[in-house]
Structures are given as C-alpha cells and as structure tokens.
There are 2 protein chains.
Amino acid sequence: MNYENLLRGHGLKVTPQRLGILSLMDQKGHINVDDLYLQIKEKFASISLATMYKNINAMMASSVITEVKIPKQKSRFEIAKESHGHLLCQECGEFSDIEFDIGKIVSDISTKSNYQLFETSLVLSGICPLCQHSSASPVSFLPVAHIHT
Amino acid sequence: MNYENLLRGHGLKVTPQRLGILSLMDQKGHINVDDLYLQIKEKFASISLATMYKNINAMMASSVITEVKIPKQKSRFEIAKESHGHLLCQECGEFSDIEFDIGKIVSDISTKSNYQLFETSLVLSGICPLCQHSSASPVSFLPVAHIHT
DNA sequence: CTGAGTGCAAACGTTTTGCACTTGC
DNA sequence: GCAAGTGCAAAACGTTTGCACTCAG
C-alpha cells in the first residue's frame, strides 16, 4: 500500500510520523491508541502523544482511517476500507475482519425499516477456533492475551 | 416493568437513585450519560455524578443494563435484553432497536469462521423515513436533533 | 445492626489546546 | 515563503476513588 498517495489523495501532507502510524495500522490490521503509541515510539522515539492524537483526528476527519468501537474494549483504528464486520476472540484478543457480505442484511433491514442506510458497524464476539481447542489450557485464566503463532 | 425486582434479582439494593436511572432508560429506550445526568437531576436534584457512575457500573457488572457503543457518538445505555441490533438516524439522532432476527447471520458467520459466538453488536446508520421526506428542511443543518412528534 | 449506597472533593487517565519551532510543498 | 505539522507543557475533560455519612434489608 502506498501511504504517501493515500495521504495526498485526502489532502494531507506526508510526514514521517503519519507514515509510521499508517504502516503500523496496516501491519497490525487494527490497533488501539496505547499500543500504537508504544509501538511507534520504538521506531520513532521523538514522536509526542499530542502529535499522535492530532494525526489520528486529522486522518479520521479526512476518512483515511476509521475507528472501530468494540463492546467492553478500547476502540481500535484501521485504515479505511469498504464496510465490513469484525470478529473478536474474548479469550486471546484476536481481532479480525469478517469476510462475509453484509449487503444482504443491510438491504433487508433497509426495506423493513425504510431507513436509507450507509454505515454499518458489526462486531461479533466469542471464542476463536484455536482457543476452543485449548480451553483447558491455563492461558484461559490469564488476563493477558496470548498470541497465536 | 418492575425495577425493584429487576434490581433485587441481580443482587442489588433498591434505592431511589437506581429506580430513577432505570425508569429513565426504560422511558427513553437508550440514553447517554450526559442526558441521563441532566434528566435525572430534574426529578432528583440531589443526585451526584459519582453516584450515577457508580450505579451505571454496578448495573453493568450485574448485567442489568448494557452499553451500546456507536460510531462517532457517545455510548448509550439500555436495560439489558436479548441480543438485538440498532438503527441510528444521522439526521435527527433517532436511535431505535431493529426488529430483525440476526441469529441467522450469526450462525452463518460462526460456520464460516469456526468461531463460537455469543455476543453481537450491530449498529446501522443512515437516514430515517421521516428525515428523507424533509431533506430540504432547514432542520437538516442544525446540530441539534429534532424530535419526531 | 451491618453492609451497601450516597455525596462531596480530590485524584486520575485520556485527550485537547496554545504556542514557539520546524517542515513539506 | 507560508501554511501545515510537530513537540512540549498546561489545560480540559470524563470518570473513578477515598472517606464520612446515610439508608435498605
């Protein structure tokens, strides 16, 4: 993905801080502010928290990125793409896109409700396949997410 | 709805503050903290913000109420009921339950993803039927929500 | 009577702001 | 060169906490 063009295409200047934020979001898929700041400082020690927030807000305002609100969790940010749902594993914290067409549902609900719909937020939570098979594992009781390898 | 039994059934003591909060949520359907505090003070001048927050947290912990996270808006709270989606009108702010069975979608996605799913959050945003017909109305440009009568 | 709930003020964590400096274009 | 972006410190904001008092059961 070309972050320079993405920024310029939305009328934003290209700065190393912004490129760092975007490449992290792209790499991780979805990331919350805390992780973003911790991880960006590793590669970019001088960045300030204020700059990070200003950039998140600027990129949200120009629709370069999107905030995903999640029940009982901090929001995560992702590079904007067409409307899609998300899956959350409450065991290990894995958070992923749903490859599933929600267009049908949206049009059904639109017909039923007479709403003209143009934004969808769908988050399904449960237990991912890997955690189901390791349900007796002690990791289940740790507050810390484990990472599937 | 009997709020006393609802509270006692979840192991919480019955206080006038809690009854006030619950009856407001029930009445309005969904309400955010600011509106809740403003409106509860009208009927219950002495209540403190801290008490309101403590009660919201206590009632969420015991699943009496639920927080609904909404894209680009403050969360709203509702009395807990079985899983259901929500509709938001971006024009007038109307926020309502979707009467639509999402069980089918959830089981489809469960099959596809191999997730064992038990929590759903669905918020669809758009323009409600009434606002579509008054799209030329000046109210469209006001930041304040109008109420359909 | 006792533990849970209340109200106040202080503390806390998160996000925003103002301002001087730097940088992208 | 100039508007936009950065970094710092201070401020603002929403929420939580500690504590003495009150009340529900």
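Chain letters run A, B, ... following the sequence lines, proteins first and then strands; every chain starts at 1.
Atom CG of L49(A) and atom P of dA10(D) are 16 Å apart (whole Å). If you measure from atom CD1 of I40(B) to atom P of dT6(C), you get 10 Å, rounded to the nearest angstrom. When the C1' atom of dT16(D) is taken as reference, atom CG of N55(B) falls 14 Å away, rounded to whole Å. Separating the CD atom of E4(A) from the C1' atom of dC25(C) is a distance of 14 Å, rounded to the nearest angstrom. Between the CE atom of M52(A) and the P atom of dT14(C) there is a distance of 11 Å, rounded to whole Å. Atom CG in L7(B) sits roughly 12 Å away from atom C1' in dG5(C) (whole-Å rounding). The distance between atom CG of L19(B) and atom P of dA24(D), rounded to the nearest whole Å, is 10 Å. Summarising the geometry, the separation between OH on Y37(B) and C1' on dC8(C) is reported as 11 Å, rounded to the nearest angstrom.
Counting distance only, with no hydrogens placed and no angle test, the side-chain atoms of K54(B) and the base atoms of dG7(C) include a donor-acceptor pair under 3.5 Å.
Taking only side-chain nitrogens and oxygens, R8(B) comes nearer than 4.0 Å to OP1 or OP2 of dG25(D). Taking 4.0 angstrom as the limit, Q17(B) places none of its side-chain polar atoms (N or O) nearer than this to OP1 or OP2 of dC23(D). Between S48(A) and the phosphate of dC8(D), there is no side-chain N or O to OP1/OP2 separation shorter than 4.0 Å.
Between N32(A) and S75(A), the shortest heavy-atom distance links the atoms CB-O, 3.2 Å. In this structure, Q116(B) and S110(B) approach most closely via the heavy-atom pair CA-OG, 4.4 Å.
Heavy-atom distances to DNA chain D give each of N57(B) and K13(B) a nearest nucleotide, and the one nearer the 5′ end belongs to N57(B). In this structure, L12(A) and T15(B) both approach DNA chain C, and ranking their closest nucleotides by distance from the 5' end singles out T15(B). Nearest-nucleotide assignment on DNA chain D puts the 5′-proximal partner with A50(B), out of P16(B) and A50(B).
Under the 30°/60° scheme for interplanar angles, the aromatic rings of H86(A) and F95(A) are found to lie parallel.
Judged purely by atom type and a 3.5 angstrom limit, K41(A) has no side-chain atom pairing as donor or acceptor with the backbone of L36(A).
By the criterion of side-chain heavy atoms lying less than 4.5 angstrom apart, applied directly or through intervening Ile, Leu, Val, Met, Phe, Trp or Tyr residues, L117(A) is not grouped with L88(B); the two fall into different hydrophobic clusters.
In this structure, I47(A) reaches the sugar-phosphate backbone alone: every heavy-atom distance under 4.0 Å involves primed, P, OP1 or OP2 atoms, never a base.
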